[in-house]
Structure formats: C-alpha cells, structure tokens
Amino acid sequence: MTRQGKDKASAFVLAAPLLILLCVLVIWPIYLGIRTSLSNDLLSEFEITPAGISNYRAVISEPNFWNALRFTIIFAIVVTIFEGVLGFLLALAFDRKFPGKRTLFSMVLVPIMIAPSLMAVMYRLILNENIGIIPGFLQNFGWDISIYDQKYIFYTLVILDAIQYTSFAFLLIYAGLQNIPQEIYESAAIDGAKYHQVVLRITLPILKPALAIIAMLRLIDSFRTFDTIYILTGGGPGTTTQTIGIYIYKTAFITGDFGMASAASVILVILLAPFMPKIIKQFRLDVK
Amino acid sequence: MKRNLWATFVIGIVAFVLMLPLFGAIYTSLRTDNAIASGPFVWEFDHGFTHYKNAMGAAGYDFASFFRNSILISSGTLILTTLISLPAAYSIVRLGFGGAWLLRIALALRILPAVFFIIPFYKLFTNLGMVDSIRGLVLANTFVNVTLALLIFSSSIKELPYEIEEAALVDGASVFRILRSIIFPLMGPGVAAVGVLTFIFSWSDYLFAVVLSSSEATPVTVGAANFVTSYGVRWGDISAAVTLSILPPLIFATLAQKYLVKGLSSGAIKG
C-alpha cells in the first residue's frame, strides 16, 4: 500500500535519521576498517604508514588466527545443538497445564535479562576453587576437580553458555508451539497416536522452519561470543579457548597492532560473506 | 484433569539451575567476609548489609557512578533507537521507502560480527572526541539495536489497519501528523517491546564499553568485570555490586515480560 507523489519527500525525511546513522556508523567505519587493514598502524607508534597487503599475509600465516576460528566454529555448532535440544525439551514440558506454570515461566526467562559479562562474574564466583559453591558441593562427593582444567574447560564453557542462552531457544520454540492448532493433536489422539509419535511426526515437522531460524540465530550469536569467555578464561589456558572475537580484541588493544587486527576482521567478514544472502533470505523479509 | 506435578518438579529443577549463578551471588553478598573466607557452606549472615553499603560507595569504589552511567546509556539508547527506527519503519512499510532492501541491509548488519566494528569505532570516536563519553556509547548501542527495532516496528505497523490512516489522509492530515497522532499511540505494544529489549541489550553491552570507555563513561558491565581483577578477594562486595547491577533490567523486563516475549518472537532476533 504505497502512497505516491508528494509523500516521496516526507518518506525521505522520516527515513533520514536512519540513513545518516547508517552512513556515519556503518559505511564510514567499513572504509576506516579496510584502510586500517592496509596500514602499519601500531598503538605504540604515532605515525601510520601504508602497508600494502602485509597485514593480510601476517594474519593468514598466523596459527593463532586459524585456531581461534576453528575454536569459534566448533563452539558455535556444539552450543547451538545443545541449547536447541534443551530448549525444545523444555518447551515440550511447558506445553501443558501444571501448577506454578506462570512463576516458573518468569524464572526460566531470567537469564535473558542478565548481561553475559555480569553472568561471567557470577560464574567466577560460584566456580571459585576456595569459596565457590560448585567446587564446595562437588567436594562433598570427593570430586576434587578444577573446573578450569584444560581437560574440562570446553565442557564447562558449553554448560555455562547453555545456562545463559537455553532460555532464548526455549522462548522462540515455545512461541512456535503455541501456533500449532490444538485440533491436530486432538485428531492424533483419536487415532491412538502415542506421545513420542505425535512429537516426531507432527510437532517437529511443523516446527522445522522455525527451528531453522532459531538455529541460525544461535549460530550467529555464538559466533560472536566474547564477553563470557574473555572474563572467565581470557582465552586461556594458553590460547585454547580464544574465540575470533577475543583474538581480534587482543591483537588490537593488548598487542596494539590495529593494522593486523583490522585485516583479521576483514578476512572474517570475507569468510562469512558467502553465507549471508542465504541467511537473510531465511527471514523472508517483505514490506507488504 | 491431570495435575502434571512431574512437570512442575522437572521444570523447577531447570529453573533452579538457570538461576543458580544469581542465587550464588545473592547468597555470597549477604554473608560476612569471615564466613565467605571459611568456605562456601558456612552459614553466617551479615545483618547490616555491609557489602551493599560498600558497593554503593562506603568503601570508595566508583560503583555508584558506573551504575549511573549504565542508566544513562540504556535510557539514551532506548530513546534514540525509537526516534530513529519508528519513523524509518513507517516510511519503509507505508510509504514504500527503500522497500525490503533497507530491511535486508539492516539485517546484514545484525549478522556481521560486532567485533568488526570495534577498531573503526575506536578511531572514529577518537576523531569525534567521543571516546569515554555517554554520548559515544549511546550511539554505539543504537547502532547495535537499530536492526531489532526496525524489524519489530515494521511488523507491528503492518498489523495496523490502514483504514484509519486513509481516513485521516482524506481529512487532510500530513504524514507527520498521522505518525504522531495515530501510529504512535497505536504502537504501544511495539514501542514497549523495543523499549524493554533495547534496555536489556544496551545494559548488557560489554564489547563496545570496554573499547570506548576508560573511566568517565564506564558502565556496570565493565566496572564489575574490572572489579574482579582489581579487588579479586573482596567477593562479598563484588557479589553485592553484581546483584545490584542485575536488578534494573531484571525488574523492568519482568514487569514488561509480555512485551519481551512478543518482541523476541516477532523480531525473532536478539541484539
């Protein structure tokens, strides 16, 4: 429903603030990022000189960059699947009447409202070897394990990520469940279908498009993981839990090499670019 | 009717696990330093709320100012994001401006890793003299939240009946008048959804805050994380500070839970 003619001008005026924001905070920064990636730009030196593609060469031949990328991809896939399954089971459990439903619903949503960095500080508190309640609790059973141990750190991070983000997956899947008409379940019940048959043959197929979007969102978001892991481990022990975000941040603001960090960001975007049109299409954006 | 008590029990355990970090922080914040140091299960509570008093300034931390900064940044972002996105969404949906491609560009931004922007933002904001300022962090957070706001606003405008606007148009009302007197009042739920989500996400920002603030504009997220590294053994004070930091978005979002749920499922996206 488009009004033509004299509304063109008002349409432009109304969208102008957004366009200005996009120019100042997107187009200009993209230009700055690419320019920096082609310069010798060190925090320690005042002068910035052209560097050609040497920063790109340096990043590509840097094992830490590829290790960070590999860790990020594996972590993103594992947490997406884990949280998707947990969120789905939780949504199924919620999809009925039971005492305390409203209170428990509000409680389950609480992690969404907590900043990941503050969550990370609380994790450090409850996991602390001397004063934390988790190690204290495990010691009662004679389990004297260090949760930050290199052997367990990956699993620890996955579980902590699930505590923060399962609620997102749950909420979106639960919203999808509410859209399934009750009649379908009723007719399945009349036909004598068992609960697991209903879930596998009716619920899952209907939810499939919604699940695809949810999985993609979780994948995109876990790819951006920075706060929690940075505060918990700083990317360590060594560089074993370094995400791509931590790698770029540290290269820029700890090592002080803006040129190389920018080159790493540009390479990251180039690697992600082929997937973007497909992801955008999944959202079926339209203006009608 | 079946009582389904098993569901209450199982979901109760899940809810407890999800809230365990918060319970842990509240528990520690209420215990005496002596009890905290003697082990996690020594029950000795501090009846004077010393840790809370320390966190709010009695021990000389800057925490009260971090808290104020977070409130200013989050409310500023909420207002600026709404002022930019609502007219733009109206222009896109009803006046056909830019069409779907503008929404696609906004979505592409959402998919790009935010870390790409930290170095350019640092340089840009240094040039503009906005490093370590509330204004700078409001702008950075608006950039983060504008996609979500556009998607929520455009889907709620699509749901409004066009007839009212048409009638107003026939009566000679201008587009701006329609937006102010008809659309905005009808958009209550959409504005509430954008408001609560933008508030949570800008309160939660850590990456831009750690890059773009150093002392004056530091919000609670960065303040609390630094707290752990600089005062590592003062767990009681840290717990109290973190508990206080979590409260504003928690209270706001619990009161506006309906809109939070609606916004997340209609925008199907998070900042």
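Below, read A as the first sequence line, B as the second, and so on, with proteins coming before strands; counting in each chain starts at 1.
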For A:D41, check salt bridge (Lys or Arg N to Asp or Glu O under 4.0 Å) against everything at least two apart and list the hits. B:K123

Please determine if A:R218 forms a cation-pi arrangement with A:Y165, meaning its NZ or CZ atom is less than 6.0 Å from the six-membered ring centre and no more than 45° off the ring axis. yes

Got a donor-acceptor contact below 3.5 angstrom from the A:D257 side chain to the A:T251 backbone? no

Contact summary for B:L207 and B:D205, nearest pair of heavy atoms: N-OD1, 3.6 Å

Considering only heavy atoms, which portion of B:L86 lies under 4.5 Å from any heavy atom of chain A: side chain, backbone, both, or neither? neither

If I measure from the heavy atoms of chain B, does A:V13 come under 4.5 Å with its side chain, its backbone, both, or neither? side chain

When the 4.5 angstrom heavy-atom criterion is applied to A:F226 and chain B, the contacting part is side chain

Who in residues 25-34 of chain A is close to chain B, using a strict under-4.5 Å heavy-atom cut-off? A:L25, A:V26, A:W28, A:P29, A:I30, A:L32, A:G33

Which atoms of B:F117 are under 4.5 Å from chain A, going by heavy atoms: the side chain, the backbone, both sets, or neither? side chain

So side-chain hydrogen bond (donor to acceptor under 3.5 Å, both in side chains) across residues 246-256 of chain B, not counting sequence neighbours, yields none

Write out all pairs satisfying side-chain hydrogen bond (donor to acceptor under 3.5 Å, both in side chains) with one or both partners inside residues 103-126 of chain A, taking only residues at least two apart or from two chains. A:S106-B:Q257

With distance as the sole criterion, is a donor-acceptor pair present between the side chains of B:Y90 and B:E165 under 3.5 Å? yes

